[in-house]
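Residue indices begin at 1 and follow the sequence shown.
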Amino acid sequence: DLEPAVRFVEFSIKVSRASRVLLAGAFNRWQPEGLPLQKGSGSRWEVLVPLPPGRHRYLFQVDGKWTPDPAAPATARWEGLPVSVREVR
């Protein structure tokens, strides 16, 4: 019985003037504190997350405000909020 392969999936968002960007999703019980993004070049924030194959719902938290991924349409819901979905193959 093999476990499904885990993939390292990059999540990133471009936000100017943010002081803190976090990631929350079903994969971390919607607890953003555990997944802070690192500031990259320019206004890009990024983090690598190990995820099994499947559909993963998520949101960014930009300076305390829940924000869907501008690069992924919000096609699902969590706690009444529109959330983004990432398909991992």
- Message: Could you go through F8 and V49, starting from their C-alpha distance and side-chain angles, then the distance that decides it, and tell me whether this counts as side chain to side chain contact (heavy atoms under 4.5 Å, CB included)?
- Response: CA-CA 5 Å; F8 284 89; V49 182; over 6 Å; no

- Message: Before you tell me yes or no, could you show the steps for V9 and F27 under side chain to side chain contact (heavy atoms under 4.5 Å, CB included), namely the whole-Å CA-CA distance, both residues' side-chain angles and the distance that decides it to 0.1 Å?
- Response: CA-CA 12 Å; V9 180; F27 45 80; over 6 Å; no

- Task: Apply side chain to side chain contact (heavy atoms under 4.5 Å, CB included) to the pair F11 and E46, showing each step before the final yes or no.
- Result: CA-CA 6 Å; F11 289 85; E46 55 201 15; over 6 Å; no

- Message: salt bridge (charged side-chain N to carboxylate O under 4.0 Å, His left out), that's the test. Do R44 and E10 meet it? Break it down for me.
- Response: CA-CA 12 Å; R44 181 180 160 94; E10 182 182 75; 2.7 Å; yes

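Residues S12 and F60 share a closest heavy-atom pair of O-CZ, 3.6 Å. Between N28 and L23 the shortest heavy-atom distance is ND2-O, 3.3 Å. Taking both residues in full, the closest heavy atoms of A72 and V85 are given as CB-O, 4.3 Å, listed atom of the first, atom of the second, then distance. Contact between P53 and A5 at its shortest, heavy atoms only, is CD-O, 2.9 Å. Nearest heavy atoms, W45 versus A18: CZ2-O, 3.3 Å.
When hydrophobic side chains of Ile, Leu, Val, Met, Phe, Trp and Tyr are connected at separations under 4.5 Å, L22 ends up as a singleton with no cluster partners.
Inter-residue side-chain proximity for W78 and L59 is flagged as met; some heavy-atom pair is nearer than 4.5 Å. Counting heavy atoms from C-beta outward, V21 and I13 have side chains that approach closer than 4.5 Å. Side chains of K14 and S43 form a contact here, defined as non-hydrogen atoms less than 4.5 Å apart.
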Report, one line per pair, each donor and acceptor closer than 3.5 Å where one atom sits in a side chain of residues 29-40; sequence neighbours left out.
from, atom 1, to, atom 2, distance (Å)
Q31, NE2, R29, O, 3.2
E33, OE1, R20, NH2, 2.7
K39, NZ, G42, O, 2.4

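Under the side-chain hydrogen bond (donor to acceptor under 3.5 Å, both in side chains) criterion, the residue pairs touching residues 48-75 are S19-D63, Y58-D69, with sequence neighbours excluded.
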